[in-house]
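Worksheet: the structure to be examined is printed underneath.
Owing to the predicted nature of the structure, the values given are computational and were not obtained by experimental measurement. By convention in this document, chain letters (A, B, ...) are assigned in the order of the sequence lines, proteins followed by strands, and residues within each chain are numbered from 1.
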Amino acid sequence: MSIYDTLNKEQKEAVFQTEGPVLILAGAGSGKTRVITHRIAYLMDECGVNPWNILAITFTNKAAGEMRERVDRLIGFGSESIWISTFHSMCVRMLRRYSDRIGYENSFTIYDTDDQKQLMKDVYKKLGIDTGDIAPRAVLSAISSAKNELISPAQYKEQNGSDYRNRVIGDAYEEYQRMLKANNAMDFDDLLMMTVILFQNDDAVLKNYQERFHYIMVDEYQDTNSAQFELIRLLSAGRHNLCVVGDDDQSIYKFRGANIRNILDFEKLYPDAKVVKLEQNYRSTGNVLDAANAVIANNTNRKPKKLWCDQGRGNKLHFRRFNTGPEEASFIAQDIERRIRQDGSLSYRDFAVLYRTNAQSRLLEEKLLFLSIPYDLIGGTNFYERREIRDILSYLKTIDNGVDDLAVRRILNVPKRGIGQTTIDRVQAFADEGGISFYDALKRIGDIPSAGRAKAKIEEFTSLIEGLRIRAAGSSLKDLIDGIVTATDYEAFLKDTYEEDSADRIANIGELVNKAVSYEEGVFEEAGDERGGVSLLTGFLEEVALIADIDQVGDSDDRVLLMTLHSAKGLEFRNVYMAGMEEGLFPSQMSIDAPDDEGVEEERRLAYVGITRAREDLTLTYAMSRMVHGEVRYSPVSRFLLEIPEELLDESIRITSGGYADEQPYSSRSSGYRKEGDYDDYDFGHKYSSPYAEQAPVKKDNRLKAVYVKPHTAEEKKPFIARSMAKNGVNAGLSGLSKGQPSPKQKPDYTEGDRVRHVKFGDGTVRLLEDTPRDYKVTVEFDEAGQKVMYAAFAKLEKIDG
DNA sequence: TAGTTGGGTTTTTTT
DNA sequence: AACCCAACTA
């Protein structure tokens with residue numbers, strides 16, 4: 001009995017073929033990760049390969065961590081010496097060691113999207129390009145594509161015609177790259193391209209890595225771009241032991257340069273490649289797979305394959321149509337609540353709601369919060385993109401690497417020090433003339449003639465930084481961050497800049513400190529880690545830069561997950577909702593408008609990814625109308641829904657399909673168990689209008705603006721709420737509501753740390769009490785039910801002793 | 001220099 | 001609806 005006995009025939013073939021190029025075409029849920037981990041185990045266990053000689057590349061840090069863990073469980077030794085990482089972190093690791101050989105300092109910083117935008121603004125200013133002429137984002141995206149194709153600024157200029165647009169982009173690319181280097185910074189695309197350049201220019205370095213990595217494995221190969229392809233090709237050129245795993249049907253990252261040809265042409269590049277197809281699915285039931293197969297069959301350019309399973313038909317897929325987005329979201333929230341109530345084996349973590357665009361998450365969040373359903377939102381505004389976090393990180397960057405002009409300029413007047421644009425421009429001009437960094441120019445403020453009044457303020461700033469630098473040398477990251485916050489009186493700054501949610505923001509900084517502490521602990525644990533002498537601070541900043549949204553998800557929390565279809569790749573859930581199944585949204589209008597059908601085919605692959613996330617149960621929802629950019633948009637049912645054979649669905653689409661959904665009266669659709677009028681927007685706790693409404697000033701755009709409708713008093717609300725409750729049927733999920741209407745915003749009589757009792761969840765401890773515009777948001781750690789976030793007015797928590 | 005206001009633009013997806 | 005920017009005022 002060996003660990004390999006549990007593999008099926010094809011999986012074994014893939015595991016045992018250790019030599020030469022191997023292409024594993026792994027359908028969704030076909031046990032791909034099992035194959036990779038068993039293959040690594042087999043190499044080490046049976047073939048005597050040193051773990052040090054194995055490289056495995058995954059798509060996300062989360063996947064990397066899981067893979068290491070699973071290898072460990074299989075063989076129990078040596079997994080820590082295998083290189084398992086993402087493309088980007090692998091490149092950083094190599095560049096930290098050798099980037100001085102291509103003209104960067106090894107302490108380079110990493111620029112994220114926001115930094116890129118900022119830098120591009122400077123480029124525009126310097127070259128005198130008009131933002132109205134060519135959108136900066138268009139230039140950045142052209143540069144990104146160029147880098148993904150390994151095209152240098154010089155090559156770009158050479159290859160592209162001399163028409164105005166191309167010339168501007170070429171010049172901007174050149175200047176952008178020059179400024180990056182001056183700031184000792186690389187953007188995400190540079191990490192890949194510079195590593196390739198390093199390999200191309202320095203044979204010794206390449207040889208070194210070729211000799212180190214005897215066996216290379218690449219996961220999600222269908223999403224590699226040309227730079228990644230070249231990287232892998234170079235690395236594996238010595239021994240050709242390259243095993244790539246992927247599924248051309250799940251290629252969904254064309255917009256960031258992924259080249260589907262990499263996987264489709266693998267056999268052309270390596271004629272001796274062994275090809276293994278994994279088509280047996282271990283994840284989903286028959287109906288789900290049939291739907292996935294039927295949808296993806298509409299794509300033309302693909303390697304034919306068909307998923308199958310021996311798990312029986314399972315439930316039919318559910319289709320639900322709604323008039324508006326809020327109704328759709330209400331339904332999903334209630335449906336989750338209902339299922340959990342009816343099936344004791346289900347808990348929140350068994351549910352995921354997937355959507356095409358991040359903007360769709362807002363409504364869902366609102367409705368889940370309303371029903372006190374705990375959830376986690378993946379993506380959207382990343383934690384590290386929040387203003388307060390970026391400020392603190394900029395302080396850290398400035399302390400760590402004074403050459404990063406962007407970081408210095410960001411914090412120079414944050415909190416306000418009375419240093420204005422004029423001063424900044426003068427300092428910048430001085431820096432440009434002398435060819436020195438912005439920070440060094442600040443330190444020589446005495447040499448800048450016209451800087452009279454600002455001089456004292458700037459000296460204050462630089463001595464602040466110098467002081468923190470001294471502090472950084474000996475202290476922990478936590479102490480350093482605390483030091484920054486204290487020295488700048490940052491909390492006071494937050495409090496008077498953001499009256500509304502300053503508490504949230506202060507809490508975020510606390511969260512950053514937590515992350516710093518756990519990073520530090522991690523570094524001390526893995527003393528063997530070859531960080532190449534990089535300082536604690538540099539290491540932390542680097543990890544922060546490369547973190548992906550999905551990496552944050554732990555499986556310890558019992559929460560519903562909300563995320564985009566893109567983020568969901570690689571995950572699985574017992575119950576999946578796909579929301580917003582509408583033409584123009586999914587597939588996106590852009591892909592529909594494109595002259596060829598490649599865009600729509602990519603969207604269809606995204607649909608395939610979404611469908612195959614479901615293990616047992618899949619619900620597809622459609623909203624006839626939806627608010628987009630502040631106006632109502634009506635859309636027909638998504639073509640992807642129509643591609644699902646009708647007999648797989650529990651409710652017919654066709655009655656109202658084939659055109660705009662409002663072509664037929666709403667009441668003519670088939671009924672199912674749902675009655676007309678169900679799932680209305682429950683959102684009457686705030687912002688609804690009625691004859692009772694009064695006029696009052698209201699905030700719009702976060703500014704005090706026009707005269708608007710003021711929420712009703714509790715007394716006025718009563719008839720409305722009674723009607724609404726009768727119509728919708730109050731259920732246990734609305735426990736707080738069923739006892740009456742929510743009271744107007746009122747500070748609860750409990751506070752953080754207090755013990756409280758909830759009618760449904762029992763006793764618990766208040767962890768967090770936040771003041772939000774509508775109501776107090778309270779986070780409670782329940783003894784039995786775990787942690788929940790809810791609105792105080794609805795939760796009806798009762799303070800108890802002990 | 002800082003704060004306010006009006007107008008124009010925007011989002012598809014992410015390492 | 002939310003964000004960004006430029007112009008204006010104090």
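Look at CG on A:D190: it is 18 Å from P on B:dT15, rounded to the nearest Å. B:dT10 atom P lies 7 Å from atom CZ of A:R137, rounded to whole Å. What separates CD1 of A:I134 from C1' of B:dT9 is a distance of 17 Å, to the nearest Å.
Side-chain contact check for A:R386 versus A:R505: every heavy-atom pair is 4.5 Å or farther apart. Counting only heavy atoms from C-beta outward, the side chains of A:R409 and A:D122 approach each other to under 4.5 Å.
Dashed line: the shortest gap from a side-chain N or O of A:K121 to OP1 or OP2 of C:dC5 is under 4.0 Å. The side chain of A:S567 contributes an N or O atom lying less than 4.0 Å from OP1 or OP2 of B:dT14. Between B:dT13 and A:N358, a contact under 4.0 Å exists linking OP1 or OP2 to a side-chain N or O. The side chain of A:T113 contributes no N or O atom lying less than 4.0 Å from OP1 or OP2 of B:dT14.
Below the 3.5 angstrom threshold, one finds no donor paired with an acceptor across the side chain of A:R256 and the base of B:dT15.
Scored by the side-chain hydrogen bond (donor to acceptor under 3.5 Å, both in side chains) test, A:Q228 finds no partners at all (sequence neighbours excluded).
Remark: aromatic rings of A:H566 and A:F255 are close, center separation under 6.0 Å. Here A:Y221 and A:F229 keep their ring centres 6.0 angstrom or further from each other.
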Using nucleotides 1-3 of chain B, report all nitrogen or oxygen pairs with the protein that are shorter than 3.5 Å.
residue: B:dT1; atom: OP1; partner: A:G420; partner atom: N; Å: 3.2
residue: B:dT1; atom: OP1; partner: A:T422; partner atom: OG1; Å: 3.4
residue: B:dT1; atom: OP2; partner: A:T422; partner atom: OG1; Å: 3.2

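Using a 4.0 Å heavy-atom distance criterion, A:R362 is classed as a sugar-phosphate-only contact. Residue contacts for A:F87: at a heavy-atom cut-off of 4.0 Å it reaches no nucleic acid atom on any strand shown. Contacts of A:S588 with the nucleic acid, taken as non-hydrogen atoms under 4.0 Å apart, include base atoms.
Ring geometry for A:F586 against A:F640 counts as perpendicular: the plane angle is over 60°, on a 0 to 90° scale with 30° as the lower cut. Ring geometry, A:Y209 versus A:W83: the interplanar angle falls from 30° to 60°, so the pair is classed tilted.
B:dT14 has no base stacking with the ring of A:H566 when judged by centroids under 5.5 angstrom apart and an interplanar angle below 30°.
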